[in-house]
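Below: the structure, in structure tokens.
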Amino acid sequence: MSPNLRIAFRFLTAKKRAMLMSLSCTVLGVGLFIVTQATTSGFEKFFIKAILGADGAVRIEDKLQNTLRTVSAGNDFAVRSKEAQKYIEGVEEPSLVVAGLKQFPNVLGTSQVIRQNVLVSSAFKNHDSAQVFGINIDEHIKVSDLDKHIASGSLDDFRQTPTGALIGRELADRLQLSLGESFLIDVRNSPPMRFRVSAIYETGVSDIDKIRVFVHMGQARSLLRKSSGVSLIQVSLRDPARAEVEAAQMEETLGYAAKPWQRREKVWIEVFRALATSSGITVTVFTLIASLAMFNTLAMIVLEKTKDIAILRSMGYERRDITQIFLWQAGIVLAIGAVLGSAFGALATWGVSKIPLGLHGIIVTKTFPVAPSPWHYVAAVVTAIVMVMIASIIPARRAAHLEPGDIVRGAAQ
Amino acid sequence: MRCAGLQRYLGHDEGRVHVLKGVSFEAERGQVYAIVGPSGCGKSTLLYLLGLLDQPDAGTIEINGQRMSNSDDAARTAARGAHIGFVFQFHFLMLEFTALENVLMPMRKLGRLTPAQMETRAHALLESVGLGAKTHRLGTQLSGGEQQRVAIARALANEPTILLADEPTGNLDVKNSAMVFDLLTRLAKDHGQAVVLVTHNPEIAARCDVTRPMRDGVFIGT
Ligand SMILES: Nc1ncnc2c1ncn2[C@@H]1O[C@H](COP(=O)(O)OP(=O)(O)OP(=O)(O)O)[C@@H](O)[C@H]1O
Ligand SMILES: [Mg+2]
């Protein structure tokens, strides 16, 4: 052990109580930072996973009508006006688009979907609004987690029943529909059609579970009187993180608007980010208190140990050694604080993940979703180190700049 | 070691006092010097200057032929560690540390010896000031005289060429002050170290090689 570290240890023990204050705040700061980040990113991850599982990484909707006008402005200037871009709803030639999508190596699967707002009626409730999704089930489970989201009933039942339907948990509850029961789907200007509940699914995203009804593509076509074309093509990617880049290329090559999930769920993703930042800042208050406590403790030790500083200096210890001795003290507290804080954070994260929550907000979950990450630990510890060290530099430098001559004459300060 | 024309003012504004008014002094290896004089005449102030703990307002200090009085903090600090042993008049030890650790402290900084050699030397030094049995006592568990003796052992740790001691026997009984004084003289003779001590004890002063009486910031009689 270096002599300076040894001295730092001994000085620390002289001010146990003040040190403990700083240490416990460091532990709280580090630990709570880790928990809050684990929970906020837990919610975010949960939401993104559910969204990707339900809506896929990219959705191709609406044809881009390339009416980009080139406005000549004087000499050689050409201004492309964005407002001139127009969309035509839906995908008219889905097989062509699918063939185009297959050229993208990152594309895992595609599913053609017909979508429309409808009214549904059960024996219990009339004319409730819903959204019907006409799908080809085997195609669709390749671009979604619909199969994994089935909460009761079975996909096989759906496959074998032409009038079968998959209905969201919240919608089923609202209509008081159970498995095997039938209900009507109403579209304006045409007679209602009867469907049977083959399975009830639960994605975890409230907005989806309360309105979507999946039916077979053929049924949807006759219900909606749409013999060709689809409303959208849902695309899954091997690497969903690249969705934005891929979507941009898809728009370019296919001539259709391609929406990546990041853009689709922008609002929520930003909400989660803001939440993570604000809770991180809030929790950093503990670290701030830790650094103030450390400042205070070190300043006290400097005052108490001026004579020891003079003795050390008289023995040949340099200014740098004195600075080091005091920074080591902060370092020791930080090291212990980081270890205990991380342990506390890990334990608390585990504890939180066991809390039965029964949440029914924007997401539906039974327990607290947590997503621990080593980066949260790094960020927590780095924040603590930066703040406590900055607070320690001032007393440490002050100690180093005391003149031994002034101290021994009692004229220090 | 040699110093010439040392002047030192202390205090500020109206409280400014001319403590040292041109002190010249020379110490050679193997000699023991005593500085005597009434309280407040500036003995400690002179010793701090010689120990490079303080800087003179005028005059020069040379150690081993090198001029130290105007050198920077780093050079003075290095010289303190390698060439000078200092025993303070008050507050001798770092109280959270044991006697042994106090003696090890300067050796660890200098880093000339291996840890095992340091331990051996520290034990031997404490033995020679009569504290062989109390090496593991904390500073707080030692009497004033014992602390003073540990401080002397510590000042000798790095085999300094100059030992400056401000009333090293002030708190000691006759037997112990004789022992400490014998130790210091023996070192001066055997290792060729220069010993400069401040003392109020006429007997000790009489046994030194050179005695320099001081009054009101100047040496008298020369
Ligand atoms: N910080 C200071 N400001 C002003 N004057 C001071 C200061 N420190 C010491 N003095 C004065 O300097 C003079 C010399 O002090 P010094 O400590 O050198 O005396 P001394 O000879 O060692 O005395 P003693 O034998 O009592 O230890 C004293 O008159 C003292 O009052
Ligand atoms: Mg004095």
Side-chain angles (χ1 to χ4, degrees), chain A residues 1-19 297-298 300-329 332 396-413, chain B residues 8 10-12 15 19 44-45 47-49 51-56 72-98 101-112 115 118 138-140 150-151 154-155 157-158 160 164 166:
Chain A
M1 200 177 359
S2 87
N4 294 349
L5 179 55
R6 219 184 274 257
I7 296 166
F9 251 117
R10 212 55 73 79
F11 277 6
L12 264 188
T13 50
K15 275 263 158 279
K16 283 201 197 78
R17 218 180 293 166
M19 273 299 156
T297 316
L298 287 186
M300 268 194 311
I301 293 179
V302 171
L303 282 186
E304 246 171 53
K305 298 287 176 208
T306 48
K307 296 242 174 84
D308 288 40
I309 293 167
I311 293 176
L312 285 169
R313 298 280 280 127
S314 80
M315 297 188 298
Y317 282 75
E318 299 154 50
R319 287 193 199 283
R320 206 176 27 189
D321 293 314
I322 306 298
T323 311
Q324 253 179 36
I325 286 169
F326 283 90
L327 290 184
W328 265 126
Q329 298 179 49
I332 292 166
R397 288 184 64 92
R398 206 181 116 87
H401 281 273
L402 289 172
E403 281 292 340
D406 292 341
I407 300 172
V408 289
R409 269 195 308 272
Q413 289 127 53
Chain B
R8 185 70 174 115
L10 289 176
H12 306 281
V19 179
S44 297
T45 307
L47 230 52
Y48 296 146
L49 291 180
L52 307 180
L53 292 166
D54 194 11
Q55 283 179 289
D72 62 3
D73 184 80
R76 285 186 292 131
T77 305
R80 283 200 296 264
H83 302 302
I84 298 173
F86 203 98
V87 181
F88 290 100
Q89 186 176 5
F90 309 106
H91 190 91
F92 312 104
L93 297 190
M94 296 178 67
L95 297 175
E96 270 94 27
F97 296 81
T98 64
E101 286 169 323
N102 266 281
V103 179
L104 284 171
M105 208 79 79
M107 293 195 258
R108 282 186 179 143
K109 174 59 196 166
L110 195 63
R112 240 187 237 152
M118 292 182 193
L138 285 179
T140 45
V150 176
R154 186 181 60 197
N158 285 345
L164 302 164
D166 202 344

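Here is how names work: the chains are called A, B, and so on, in the same order as the sequence lines, proteins then strands, and each is numbered from 1. The basis for the numbers below is simple: all heavy atoms, side chains too, and nothing from hydrogens, waters or symmetry mates.
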Should [X] and [Y] count as side-chain neighbours, where that means a heavy-atom distance under 4.5 Å?
{"X": "M94(B)", "Y": "F11(A)", "answer": "yes"}
{"X": "M105(B)", "Y": "I311(A)", "answer": "no"}
{"X": "K109(B)", "Y": "M315(A)", "answer": "no"}

Review point. Can you list the steps and then say if L53(B) with E403(A) is a side chain to side chain contact (heavy atoms under 4.5 Å, CB included)?
Key: CA-CA 8 Å; L53(B) 292 166; E403(A) 281 292 340; over 6 Å; no
Check your understanding: Should R76(B) and R313(A) be marked as a side chain to side chain contact (heavy atoms under 4.5 Å, CB included) after you check the CA-CA gap, both sets of side-chain angles, and the distance that decides it?
Key -> CA-CA 10 Å; R76(B) 285 186 292 131; R313(A) 298 280 280 127; over 6 Å; no
Check your understanding: chain A heavy atoms under 4.5 Å from L10(B): which part of the residue, side chain, backbone, both or neither?
Key ->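 Just its side chain gets close to chain A.
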Say you draw a straight line from [atom1] of [X] to [atom2] of [Y]; how long is it, rounded to the nearest 0.5 Å?
{"X": "R108(B)", "Y": "Y317(A)", "atom1": "CZ", "atom2": "OH", "value": "7.5 Å"}
{"X": "L52(B)", "Y": "S314(A)", "atom1": "CG", "atom2": "OG", "value": "11.0 Å"}
{"X": "K307(A)", "Y": "L93(B)", "atom1": "NZ", "atom2": "CG", "value": "13.0 Å"}
{"X": "N102(B)", "Y": "D308(A)", "atom1": "CG", "atom2": "CG", "value": "8.5 Å"}

Residues [X], [Y]: salt bridge by 4.0 Å N-O rule:
{"X": "R320(A)", "Y": "D73(B)", "result": "no"}
{"X": "R80(B)", "Y": "E318(A)", "result": "no"}
{"X": "R10(A)", "Y": "E101(B)", "result": "yes"}

Exercise for review: Determine, for Y48(B) and R409(A), whether the Lys NZ or Arg CZ falls below 6.0 Å from the six-membered ring centre while staying within 45 degrees of the axis.
Suggested key: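 Pair R409(A)/Y48(B) does not count as cation-pi.
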Point to revise | Which atoms of N4(A) approach chain B - backbone, side chain, both or neither, heavy atom under 4.5 Å | key: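 For N4(A), neither part sits under 4.5 Å from chain B.
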